[in-house]
Structure formats: structure tokens, C-alpha cells
Amino acid sequence: MSVPQKINGVLRKIPSWPIYILGPIPGIWVFWLALQDRLGADPLQALEHSLGERGLQLLVLTLLVTPVRRLTGVSFLKFRRAIGLVAFFYVVAHLLTWIVLDRQLDLADIWREIVKRPYITIGMAGFLAMVPLAVTSNNLSVRKMGAAAWTRLHRLAYVAAVAGAAHYLLLVKSWPTEPIVYALVVVALLMIRAWWAAQRRIARRARRAA
């Protein structure tokens with residue numbers, strides 16, 4: 001038995017449900033720190049950034065599942081849905097922190113900010129891309145939509161990841177390492193996916209020509 005097969009055998013015995021319980025804990029903890037005024041000079045901004053960054057990290061992690069499986073043979077596929085839903089939890093928490101705590105539910109002000117500031121516009125687009133992913137992350141949706149249509153819809157994860165990385169870069173208004181790394185990882189994943197798609201098209205044409 002190969003090493004990837006042994007690892008997959010171990011992974012099959014690990015349930016995915018603890019992710020739903022353990023995943024939100026860091027977000028709850030940072031919210032508690034914000035309530036205790038232990039996040040620095042601007043705890044609200046620190047809370048927003050922490051929640052948004054954690055959501056982006058988990059979203060990128062879901063996109064890594066397929067490349068890791070194809071390149072190494074190790075499959076984390078059974079955990080991808082749970083990780084994706086926890087990522088959505090963080091993105092929703094990030095958005096609600098901004099809407100409720102930062103903008104004080106001032107809908108006119110919120111709309112002005114969305115229209116005026118490109119990083120907020122892009123971030124909102126990323127959130128909207130994640131909504132259908134979260135709604136259809138269940139077996140019933142896969143059966144009703146069909147596997148092919150469900151797979152096509154869930155390519156929106158790349159749209160959400162690109163938007164999230166761009167939102168982060170524009171937000172910081174500088175060139176720190178971390179958001180650049182996220183952006184580069186997302187671009188690399190898109191390039192890998194495009195290359196695989198091109199290889200599949202070439203293979204199909206070769207089969208038809210044979």
C-alpha cells in the first residue's frame with residue numbers, strides 16, 4: 001500500500017462534523033477579545049480584519065483540496081464542504097461586524113460605501129458569490145441539480161476567492177506580505193485549473209480524431 005493510500009485510510013476514519021464545532025471557535029474568541037477591548041487601539045477594525053482574513057484563508061483551503069488530491073493522491077474531499085461552510089460563517093461574521101457595529105445599520109451609509117469604495121464593492125461581490133455555494137452545500141442540492149450543474153455552480157468559489165484576495169489588497173492600501181501571498185495562491189490555483197481544463201480539451205479532441 002502506498003503512502004497516499006495509507007493517509008487516505010486514516011482520513012476516512014476521521015469524521016468531518018467536528019469542523020463545524022471547532023472551526024468557529026477562533027472567531028468567537030476574537031469577538032470576546034474585542035468585547036474586552038484587548039485588540040489594540042481599534043478593536044472593531046481588528047475584529048473585522050481577523051474575521052475576514054480567516055474566511056479568506058479557509059476559502060483558499062477549500063480550493064487546495066483538488067490540486068492536492070491530483071498532485072499527491074491524498075484526498076481531503078470529505079472535509080471540503082465543512083471547511084467551505086465555516087469559511088462562509090467567517091465571511092458573514094465579517095460582513096455583519098461592518099454593517100451592525102461599524103456602520104450602525106445605517107442603510108443609506110452602507111449603500112454609499114458599497115458604491116463609493118471599490119474594495120467594499122469587490123468584497124460584497126465575493127460575498128454574493130458565496131451565498132449560492134453555501135445554500136447548495138448539501139446532498140439534496142447535488143441530487144436535484146445533478147452533479148455536473150452543481151460542479152459548474154461551485155466554480156463560483158474561485159470568483160469569491162479572487163474577490164476576497166482583491167478586497168484584502170485594496171483594503172490595506174499597501175503591499176504587506178500576507179494579502180499578496182493569498183492573491184498569488186489564488187492566481188496559481190486558477191492557472192492550474194485552466195491548464196488542466198486545456199489538457200482535457202486536448203485529450204477530447206485527440207479521442208475524437210482517433
Side-chain angles (χ1 to χ4, degrees), residues 19-63 80-138 141 153-183 185-187 189:
I19 294 174
Y20 295 106
I21 298 173
L22 299 176
I25 289 177
I28 296 170
W29 173 247
V30 77
F31 183 73
W32 171 253
L33 292 178
L35 290 177
Q36 298 296 309
D37 198 17
R38 292 166 58 188
L39 291 180
D42 192 342
L44 181 57
Q45 185 180 73
L47 175 63
E48 284 182 27
H49 289 184
S50 176
L51 294 171
E53 186 176 357
R54 187 59 59 91
L56 179 58
Q57 290 169 346
L58 292 172
L59 181 57
V60 170
L61 190 59
T62 65
L63 299 181
R80 185 167 62 183
R81 177 183 297 176
I83 296 171
L85 287 172
V86 174
F88 184 68
F89 159 80
Y90 277 100
V91 171
V92 170
H94 169 71
L95 178 61
L96 288 177
T97 299
W98 179 68
I99 289 175
V100 177
L101 301 180
D102 192 347
R103 299 290 111 181
Q104 300 290 311
L105 289 174
D106 186 336
L107 297 183
D109 180 52
I110 290 168
W111 178 249
R112 279 195 302 270
E113 290 291 295
I114 292 173
V115 173
K116 177 182 176 182
R117 302 188 187 278
Y119 78 89
I120 297 179
T121 308
I122 293 171
M124 189 62 67
F127 165 72
L128 293 176
M130 291 188 72
V131 171
L133 304 182
V135 170
T136 59
S137 287
N138 54 76
S141 294
L153 175 65
H154 278 249
R155 290 173 186 162
L156 283 173
Y158 286 91
V159 175
V162 169
H167 170 72
Y168 194 178
L169 276 172
L170 293 173
L171 171 65
V172 296
K173 300 185 179 72
S174 61
W175 296 100
T177 303
E178 200 161 4
I180 294 174
V181 169
Y182 295 140
V185 169
V186 172
V187 169
L189 290 171

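Predicted model, so just to flag it, every value in this text is computed and none were measured.
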Residues 28-45 side chain polar contacts: donor-acceptor under 3.5 Å, at least two apart:
from	atom 1	to	atom 2	distance (Å)
Asp42	OD1	Gln45	N	3.2

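- Checked against ring-ring contact (aromatic ring centres under 6.0 Å, His included), His154 has the following partners two or more places apart in sequence or in another chain: Trp150.
- Put simply, CG on Leu56 and OH on Tyr168 are 8.5 Å apart, with the number rounded to the nearest 0.5 Å.
- By the side chain to side chain donor-acceptor pair (under 3.5 Å) test, Arg112 is found to be paired with no residue, residues two or more places apart in sequence or in another chain being considered.
- If you take OG1 on Thr136 and CG on Leu156, they are separated by 9.0 Å, rounding to the nearest 0.5 Å.
- Smallest separation of non-hydrogen atoms from Leu169 and Ala183: CD1-CB, 3.8 Å.
- Not counting sequence neighbours, Asp102 has no partner by the side chain to side chain donor-acceptor pair (under 3.5 Å) test.
- Residues that satisfy the side-chain contact (heavy atoms from CB on, under 4.5 Å) test with Leu105, not counting sequence neighbours, are Ile99, Val100.
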Which pairs would a plain distance check flag for residues 121-134, meaning a side-chain donor or acceptor within less than 3.5 Å of a matching protein atom at least two apart in sequence or in another chain?
from	atom 1	to	atom 2	distance (Å)
Thr121	OG1	Ile114	O	2.3
Thr121	OG1	Arg117	O	3.1

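- For the atom pair CZ of Arg80 and CG of Leu63, the computed distance is 8.5 Å after rounding to the nearest 0.5 Å.
- Distance check, rounded to the nearest 0.5 Å: CD of Gln57 to OG1 of Thr62 gives 12.5 Å.
- With sequence neighbours excluded, the residues satisfying side chain to side chain donor-acceptor pair (under 3.5 Å) with Asp109 are Arg103.
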Identify all side-chain donor-acceptor contacts of residues 84-98 below 3.5 Å with residues at least two apart in sequence or on another chain.
from	atom 1	to	atom 2	distance (Å)
Tyr90	OH	Gly23	O	2.6
Tyr90	OH	Gly27	N	3.0
His94	ND1	Glu48	O	2.7
Thr97	OG1	Ala93	O	2.7

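- Note that the CG atom of Leu59 and the CZ atom of Arg54 stand 14.0 Å from one another [nearest 0.5 Å].
- Expressed to the nearest 0.5 Å, how far OH of Tyr20 lies from CD1 of Ile83 amounts to 9.5 Å.
- The two atoms that bring His49 and Leu171 nearest to each other are NE2-CD2, 3.5 Å, heavy atoms only.
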